Amino acid sequence: SRFDVVSCDEEVSVCLSINDFSNAISSISEEYITLTFENNTCNITHSKGGISIPFGDSEEFPKPKLEETKNKLKIKNEVLYNLLNEAKNFTSTEVHLGNLGGVNIVFEPNQMYIASTNGLIVYYDHEAHDQEVEEKNTIIPNKAIPVILNMLKRADEVTISIGSSNIMFTSSTSTLVVKQLEGKFPNVRSVLYGDNTIMVTTKRDELIKSFNQCLLFSNKESKLIKMSVNENISLTAANLEQQTNCTSMCDCELWEGEEITIGVNGKFAESCLNCIKSDVVEIQMNNPNKPIILRDQERPNKVILLMPMML
């Protein structure tokens with residue numbers, strides 16, 4: 001990161017503990033501070049006092065390998081923030097799933113698309129552009145995403161550069177280099193645009209309330225809910241151990257195709273619906289063994305896929 005300096009007597013490069021420095025700065029309410037570096041100590045002074053923290057040689061700081069690449073794409077910070085902020089909710093935290101523990105970014109000549117999956121839910125969205133870029137595929141690790149999101153809050157526009165091992169985010173004030181996850185991300189687009197013969201639309205909030213109600217009476221481990229679709233959507237949950245069951249219904253605004261009954265994880269279905277921003281959600285299905293596809297009518301580029309469960 002770079003900060004504006006009122007005056008500087010001499011150029012200096014040191015290595016500071018980010019925790020010590022941020023704690024020191026956050027404890028000062030003054031608008032201006034003075035930094036002096038001597039005897040391995042950084043002195044931070046202001047009108048009401050001062051704080052001293054140790055520093056080390058800047059040569060000790062690891063220097064990432066920055067690669068020259070033509071794979072650069074400028075994008076508005078708000079657009080990238082919204083894409084990453086939603087995609088991170090559907091990444092895997094399981095160590096054995098490896099490259100699913102991150103967000104997939106793909107450059108293509110006319111669009112950039114982002115995808116994530118935890119193995120049961122697939123999130124996909126894309127943004128069109130008119131810039132000249134080569135096709136490139138990368139995976140951002142989970143632990144880097146909060147840092148990237150924090151950077152995007154302070155920038156108007158960001159340039160993404162994808163190298164062979166690193167991905168670099170550059171704004172007018174900051175440069176962030178992230179090591180890519182190794183491995184190949186699944187081709188999620190191959191399962192998003194199948195031949196879905198059943199399509200239904202309904203109020204998103206009403207469907208979320210129905211899932212909330214049924215989850216209270218579902219199996220605590222499987223969260224299994226039976227969803228039946230015809231002229232309306234009927235959700236049914238049962239807990240055999242507690243000998244309880246619940247049925248909740250919501251109206252369909254539009255229904256095309258045949259009747260269908262399919263099993264879903266109610267908690268995962270709720271997570272998918274919470275990612276839909278439009279008042280009406282579009283749901284597409286084919287048969288009880290195929291994934292359920294949810295579409296956001298306010299953002300047609302966004303597609304969420306939910307894997308079914310056996311009844």
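Everything quoted here is computed from the prediction, not taken from an experiment.
With hydrogens and angles disregarded, no donor-acceptor distance shorter than 3.5 Å links the side chain of Ser174 to the backbone of Thr170. In this structure a side-chain-to-backbone donor-acceptor pair under 3.5 Å is missing from Thr91 to Val103. Of the possible donor and acceptor atoms, one in the side chain of Ser210 sits under 3.5 Å from a partner among the backbone N and O of Glu206. Without hydrogens or angle criteria, Asn150 side chain to Pro146 main chain gives no donor-acceptor distance under 3.5 Å. For the pair Asn301 (side chain) and His126 (backbone), a donor-acceptor distance under 3.5 Å is present.
Here the straight-line distance linking atom CG of Leu207 with atom OG1 of Thr201 works out to 11.5 Å at 0.5 Å rounding. A distance of 4.5 Å separates CE of Met199 from CG of Leu254, quoted to the nearest 0.5 Å. In this structure, CG on Leu224 lies 11.0 Å from SG on Cys214, to the nearest 0.5 angstrom. Atoms OG and CG, on Ser171 and Leu152 in that order, are 8.5 Å from each other to the nearest 0.5 Å. Rounding to the nearest 0.5 Å gives a distance of 8.5 Å between CE of Met112 and CG of Asp125. Atoms CD1 and CD1, from Ile198 and Ile293 in turn, are 12.0 Å apart once rounded to the nearest 0.5 Å.
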- Item | Working for side chain to side chain contact (heavy atoms under 4.5 Å, CB included), residues Lys290 and Ile262 | CA-CA 9 Å; Lys290 297 288 186 178; Ile262 190 168; over 6 Å; no
- Could you walk me through whether Asn85 and Leu149 pass the side chain to side chain contact (heavy atoms under 4.5 Å, CB included) test, one step at a time? CA-CA 7 Å; Asn85 196 42; Leu149 293 176; 3.7 Å; yes
- Message: Could you go through Ile28 and Ser26, starting from their C-alpha distance and side-chain angles, then the distance that decides it, and tell me whether this counts as side chain to side chain contact (heavy atoms under 4.5 Å, CB included)?
- Response: CA-CA 6 Å; Ile28 299 173; Ser26 61; over 6 Å; no
- Message: Walk me through whether Met168 and Leu176 qualify under side chain to side chain contact (heavy atoms under 4.5 Å, CB included).
- Response: CA-CA 6 Å; Met168 184 165 64; Leu176 178 64; over 6 Å; no
- Intermediate values then yes/no, side chain to side chain donor-acceptor pair (under 3.5 Å), Ser228 and Ser234: CA-CA 5 Å; Ser228 299; Ser234 175; 5.3 Å; no
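Using a 4.5 Å heavy-atom cutoff, the side chains of Ile233 and Leu235 are in contact. In this structure the side chain of Asn245 never reaches within 4.5 angstrom of the side chain of Phe217, judged on heavy atoms. Taking the side chain as every heavy atom from C-beta outward, Thr236 and Ile225 never approach each other to under 4.5 Å. You'll find the side chain of Thr41 reaches within 4.5 Å of the side chain of Asn43, heavy atoms only. Annotation: side chain of Ser17 is not in contact with side chain of Ile53 (no heavy-atom distance under 4.5 Å). Using a 4.5 Å heavy-atom cutoff, the side chains of Ser27 and Ile51 are in contact. The side-chain heavy atoms of Phe211 and Leu273, taken from C-beta on, include a pair separated by under 4.5 Å. The shortest side-chain heavy-atom distance between Asn110 and His129 does not fall under the 4.5 Å cut-off.
Using a 4.0 Å cut-off between charged nitrogen and carboxylate oxygen, Arg299 and Glu127 count as a salt-bridge pair.
Of all non-hydrogen atoms in Ser222 and Asn219, the two that sit nearest each other are N-OD1, 3.0 Å. Nearest approach of Glu259 to Asn230, heavy atoms of both residues: CG-CB, 3.6 Å. The two residues Ser116 and Phe185 make their nearest non-hydrogen contact at CA-CZ, 3.8 Å. In terms of heavy atoms, Pro300 sits closest to Val303 at O-CG2, 4.5 Å. Of all non-hydrogen atoms in Ile139 and Gly183, the two that sit nearest each other are CD1-O, 3.9 Å. Across all their heavy atoms, Val133 and Phe107 have their closest contact at CG2-CB, 4.3 Å.
Note: the hydrophobic cluster containing Met227 does not contain Leu311 (ILVMFWY, side chain heavy atoms under 4.5 Å, direct or indirect links). Using a 4.5 Å cut-off between side-chain heavy atoms of Ile, Leu, Val, Met, Phe, Trp and Tyr, with links allowed through other members, Val280 and Trp255 fall into different hydrophobic clusters. One hydrophobic cluster holds both Val79 and Ile145 under the rule that ILVMFWY side chains link at heavy-atom gaps under 4.5 Å. Hydrophobic clustering (side-chain heavy atoms under 4.5 Å, transitive across Ile, Leu, Val, Met, Phe, Trp, Tyr) groups Leu120 together with Phe90. Residues Met309 and Val264 fall into different hydrophobic clusters, defined by Ile, Leu, Val, Met, Phe, Trp and Tyr side chains chained together at heavy-atom separations under 4.5 Å.
Within 6.0 Å of atom CD in Gln111, more than 12 heavy atoms from other residues, nucleotides or ligands are found, so the atom counts as buried in its surroundings. Atom CD of Glu157 has more than 12 neighbouring heavy atoms from other residues, nucleotides or ligands inside a 6.0 Å radius. Other residues, nucleotides and ligands contribute only 12 or fewer heavy atoms inside 6.0 Å of the NZ atom of Lys226. In Lys88, the NZ atom is crowded: over 12 heavy atoms of neighbouring residues, nucleotides or ligands sit closer than 6.0 Å. Heavy-atom neighbours of Lys74 NZ from other residues, nucleotides or ligands within 6.0 Å: at or below the threshold of 12.
Evaluation of the side-chain hydrogen bond (donor to acceptor under 3.5 Å, both in side chains) rule for Glu86 yields Tyr123, Lys302 as partners, not counting sequence neighbours. For Thr138, the side chain to side chain contact (heavy atoms under 4.5 Å, CB included) partners at least two apart in sequence or on another chain are Ile105, Ile162, Ile167, Gln180.
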